[in-house]
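To start, the structure itself, in structure tokens.
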Amino acid sequence: QVQLVESGGGLVQAGGSLRLSCAASGRTFSTYAMGWFRQAPGKEREFVAAIRWSGGNTYYADSVKGRFTISRDNAKNTMSLQMSSLKPEDTAVYYCAHRTRYSSGSSYVTSMGGYDYWGQGTQVTVSS
């Protein structure tokens, strides 16, 4: 089992920045990748960004590319999402996700089914 706890959400004005963190505990030695998804009211949960634990390959949704940066600290088993130039449409609950399974490709990255554990989420609200 892996437990995930997100932090860093809050209220920010458009154009501002926030940094989200996700702390993993439990069987973290089995981490293959971690990612961020978000869900706005009335919408489906969508992929935001992901990072391979070994090698550090990063992946981003087109909507956040150039504005968000994902990073990880292997020693501390934490992942972060630096969000800049925030827009009202970035308002959502942001979820941390963890994958333990090996993959020869990257098709799992953007799919909710590609992850094994989820955090409870942290609210990000961007005011206009």
Side-chain angles (χ1 to χ4, degrees):
Q1 293 286 334
V2 173
Q3 294 78 43
L4 303 171
V5 178
E6 303 98 336
S7 61
L11 173 64
V12 64
Q13 288 189 333
S17 300
L18 275 177
R19 185 178 181 86
L20 304 183
S21 294
C22 176
S25 61
R27 296 175 61 89
T28 56
F29 62 86
S30 61
T31 300
Y32 181 76
M34 292 184 70
W36 290 97
F37 284 70
R38 67 186 181 186
Q39 188 166 18
K43 295 187 177 181
E44 294 187 351
R45 195 171 298 188
E46 64 176 5
F47 168 74
V48 176
I51 187 165
R52 277 270 306 274
W53 220 241
S54 175
N57 302 59
T58 57
Y59 309 86
Y60 296 94
D62 287 343
S63 60
V64 306
K65 205 171 291 183
R67 300 189 297 123
F68 291 10
T69 303
I70 190 171
S71 60
R72 93 280 194 221
D73 185 326
N74 297 51
K76 296 182 179 179
N77 294 311
T78 59
M79 174 182 65
S80 295
L81 185 69
Q82 178 66 46
M83 306 185 294
S84 302
S85 301
L86 283 161
K87 305 175 181 179
E89 50 263 44
D90 293 319
T91 295
V93 177
Y94 284 69
Y95 296 91
C96 171
H98 179 283
R99 177 181 175 93
T100 58
R101 294 162 285 157
Y102 168 82
S103 174
S104 60
S106 59
S107 59
Y108 69 89
V109 168
T110 60
S111 170
M112 287 182 58
Y115 298 85
D116 306 298
Y117 300 98
W118 293 84
Q120 294 297 308
T122 184
Q123 176 71 47
V124 171
T125 303
V126 184
S127 63
S128 57

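If you're wondering where the values come from, they're calculated on a predicted model, not measured in any experiment.
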*Taking side chain as C-beta onward, heavy atoms only, is Val124 less than 4.5 Å from Met83?*
yes
*Gap separating the OG1 atom of Thr28 from the NZ atom of Lys76, nearest 0.5 angstrom*: 14.5 Å
*asked:* If hydrophobic clusters are built by linking Ile, Leu, Val, Met, Phe, Trp and Tyr wherever their side-chain heavy atoms come under 4.5 Å apart, do Val64 and Phe37 end up in the same one?
replied: no
*Any chance you could lay out the side chain to side chain contact (heavy atoms under 4.5 Å, CB included) test for Glu89 and Val126, step after step, and finish with the verdict?*
CA-CA 8 Å; Glu89 50 263 44; Val126 184; over 6 Å; no
*Could you tell me whether Arg101 atom CZ has more than 12 heavy atoms of other residues or ligands within 6.0 Å of it?*
yes
_Between Arg99 (side chain only) and Ala33 (backbone N and O only), is there a donor and an acceptor less than 3.5 Å apart?_
no
*Begin with the C-alpha distance, continue with both residues' side-chain angles, and end with the deciding distance and a verdict on side chain to side chain donor-acceptor pair (under 3.5 Å) for Ser80 and Gln82.*
CA-CA 6 Å; Ser80 295; Gln82 178 66 46; over 6 Å; no
_Side chains of Tyr60 and Asp62, heavy atoms from C-beta outward: is any pair under 4.5 Å?_
no
_Check: Arg52 and Tyr59 side chains under 4.5 Å, non-hydrogen atoms_ = yes
*asked:* Taking the side chain as everything from C-beta on, heavy atoms only, tell me whether Leu4 gets closer than 4.5 Å to Tyr95.
replied: no
*State whether Asp90 and Lys87 are salt-bridged, where the test is any N-O pair (Lys NZ or Arg NE/NH1/NH2 against Asp/Glu carboxylate O) under 4.0 Å.*
no
*Mind checking whether Glu6 and Leu20 have side chains closer than 4.5 Å, heavy atoms only?*
no
_Cluster overlap Tyr32 with Trp36, hydrophobic side-chain contacts below 4.5 Å_ = no
Which side-chain N or O atoms in residues 40-47 pair as donor and acceptor under 3.5 Å with protein atoms at least two apart or in another chain?
from, atom 1, to, atom 2, distance (Å)
Arg45, NE, Gln39, OE1, 3.4
Glu46, OE2, Arg38, NE, 2.7
Glu46, OE2, Arg38, NH2, 3.2

Without placing hydrogens or testing angles, list every side-chain donor-acceptor pair under 3.5 Å for residues 106-115, not counting sequence neighbours.
from, atom 1, to, atom 2, distance (Å)
Ser111, OG, Gly113, N, 3.1
Tyr115, OH, Val109, O, 2.7

*Write down the atom of Ser17, the atom of Ser85, and the distance for their closest heavy-atom approach.*
OG-N, 4.4 Å
*For His98, which of Thr31, Asn77, Asp116 qualifies under side chain to side chain donor-acceptor pair (under 3.5 Å)?*
Thr31
*Should the ring pair Phe68 and Tyr94 be called parallel, tilted or perpendicular, given that the plane angle runs from 0 to 90° and is split at 30 and 60?*
tilted
_Residue pair Ser71, Arg19: steps toward the side chain to side chain contact (heavy atoms under 4.5 Å, CB included) verdict_ = CA-CA 11 Å; Ser71 60; Arg19 185 178 181 86; 3.9 Å; yes
